[in-house]
Amino acid sequence: MLSKIFKVFSRELKTARRDSMAILIIVMPVLFAFGITLFTPGLNDTTVNIALLESDDKSHIEYLEQFAKVEIFENREDVLTRVNKRDDMAAIMQKGDGYEIILQGNEPEIVEGYAKALNALYEIGANKEETTAAMYSFGHTVSPLKTMLVNMLISMTIMLSGMLIAISIVGEKADNTINAINVTPVSQTSFVIGKSMMGGLIAMVSIIISLFITGYYDINWFMIILVGLTSLILSLVVGFVQGLASDDVIEAAANVKMIMIPIAGSIVGYELLADKWQWTMYWSPFYWAYKANKLVLTKTADWPTILLCTGMVLVLSLVVYFLAKPKIREGLS
Amino acid sequence: MISVKNLSHSYSHDDKLAVNNISFEIEKGETFGFLGPSGAGKSTTQGILTGLLKQQEGEVIVAGYNVKKVQNERFNKIGVSFEQSNVYSKLTAKENLDYYAKLFDVPTRDSMELLHLVGLDGKENDRAGEFSKGMKHRLTFARSMLNNPELWFLDEPTTGLDPAIAATIKDIIREQAAKGTTSFLTTHNMYIADELCDRVAFIIDGEIKLIDTPKNLKLQYGRKLIDIEYIENGKVVKETLKTVTEEDRRRIGEIVNNHDIQTMHSKEATLEEIFIQVTGRELV
Ligand SMILES: Nc1ncnc2c1ncn2[C@@H]1O[C@H](COP(=O)(O)OP(=O)(O)OP(=O)(O)O)[C@@H](O)[C@H]1O
Ligand SMILES: [Mg+2]
């Protein structure tokens, strides 16, 4: 059975490579990822680097370490050399009673402002708990806008996997090849899994490449992949159903695109609804997937929450799958 | 090899039957012709035998398997050549065969050898999507032989092919029959049935009217016929008369005595004429 699945899968890949529409769908997420990186520069890494002297106050060093990436140097000379390197780095050194902040001069204002603010906060004795949450997230996470765009890109890539399935099914229907496969020892299940693997694998690879392009290297990859795989189920089911219901590729793509509506609704709901109204989105697997991805991308995810979210995605998708299963079975026989 | 008992099928699940209570047996090694006009229920029957259509009424055993149960491994023994060609247009001829071959659990034939057999050598690296109708049909036909089937379903194997290629296909079918392959051949072409089949069934409106060998049918129904062309009122008239019925013999004498005879030939009845005699219908 496994080898049959693999054979179906490799034929799917071969055919997808020869279909201009499929190729477009495969490269689209990557293009979008480049777009996000190009149009949100500077948002790439707003974690501020601060250079300090070894001789500095221990409490000062510890304080700053809570909010920024701190590098320690032996002497003033080394600090200045470091600041003059290409990346954004602010040095904070004691001068008389107070501190002086040294910058290379080409840093974004944000870095200077942040360094100043941090130091001022230390001087007035504010601790982490008293500091505003905005300040905290400002220092330690990537821009919320970028995270949102990348999260949307993941949702879109998942939807595209459904489109790949639909295109493949429409192709089989046009060539009338489903009958030919039905008179071989390949079971319908192997056939469906082989096809799904094509859509699923392409989507997962696209997502991983997109995350690298947009600079999310150090997220929890296990979580991203788990969330990705579970949210694929629904898209694949929609792909099969729409592929069987459509007569040509354009119609199939248009039909699959319709799931953009609940996806977009879920994203808007998650981002804009007040906490007490969030429950109104609980029906949507896209909501749970988006939420889980957001937690992973902002590195604030913990396993219990991720398992809850993927569990919800799984349960809701399986409900749709079991509703659609008779239709898919019938359509493929 | 095939045993069908009281098989009925309705697409609309009511009393409108596409196949109505048919029964027949096919022996191992036999080439069995399923003949009938368009809409008779030939493809429907083949669909049920190959498992593509869900069996409703009756009992069908194919190659030792009850078709009601889903047992995909039975297809290792079965080959199906479809009426409408169905190959992957994005794959080349060779890729189509190689992919299909991998789906079986039994040894398969070499794709190049099969392409050569159906006259598609030189085209192996062309995409099937660019093939003509006849070429696609040959590729579909070649594909059905990949797994050396013991039981071979052939739906209209030569329809729409030019005569030279049709002759090649007929030769291949004969060769396979000589090797012991059992074939279920569906057609509305009586000549093919006559040439290739050990036994034929006449099917009309979903019912089998008769099953026999072409030879017996000719002996039984196809007594000698006489074609006469004669002049009547300055015009040439043509009549076909049987040498066995009293009425026709009297008519022959009458024509010979009273008219100028242009031509007069005796001939064997074709299977087609027998079909018309038995069923009262033309094969269209
Ligand atoms: N998918 C279908 N849905 C409903 N009715 C069908 C379907 N396929 C065939 N029929 C009907 O069943 C009857 C038998 O059709 P079938 O295709 O078996 O004929 P056939 O003998 O193969 O004809 P042909 O020589 O034209 O291929 C016809 O009356 C046809 O209209
Ligand atoms: Mg037919």
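From a predicted model like this one, the values you see are computed outputs, not experimental measurements. When reading the values below, keep in mind they use all heavy atoms of this one structure, side chains included, and skip hydrogens, waters and symmetry mates. Every chain is numbered from 1 and lettered A, B, ... according to where its sequence line falls, protein lines coming before strand lines.
- The OG atom of A/S333 sits 7.5 Å away from atom NZ of B/K54, with the distance rounded to the nearest 0.5 Å.
- In this structure, chain A has a heavy atom under 4.5 Å from the backbone of B/S85, while its side chain stays farther away.
- For B/Y99, the part sitting under 4.5 Å from any heavy atom of chain A is the side chain, from C-beta outward, and nothing else.
- At a threshold of 4.5 Å between non-hydrogen side-chain atoms, the residues A/V186 and B/N72 do not count as touching.
- The existence of a salt bridge linking B/D105 and A/K4 is confirmed by a sub-4.0 Å separation between a basic side-chain nitrogen and an acidic carboxylate oxygen.
- For B/R143, the part sitting under 4.5 Å from any heavy atom of chain A is the side chain, from C-beta outward, and nothing else.
- The closest side-chain donor-acceptor pair between B/S89 and A/D175 falls under 3.5 angstrom.
- When heavy atoms are compared at a cutoff of 4.5 Å, B/V87 approaches chain A solely by way of its backbone atoms N, CA, C and O.
- Top candidate by heavy-atom pairs under 4.5 Å with chain A, chosen from B/Q84, B/R74, B/E73, B/R127, is B/R127.
- For B/Q71, no part sits under 4.5 Å from any heavy atom of chain A, backbone or side chain.
- In this structure, B/Y100 contributes its side chain and A/A180 its backbone to a donor-acceptor pair below 3.5 Å.
- With B/N86 contributing its side chain and A/T177 its backbone, the two residues share no donor-acceptor pair below 3.5 Å.
- The residue from A/E172, A/R18, A/K14 that alone fulfils the side-chain hydrogen bond (donor to acceptor under 3.5 Å, both in side chains) condition with B/Y88 is A/E172.
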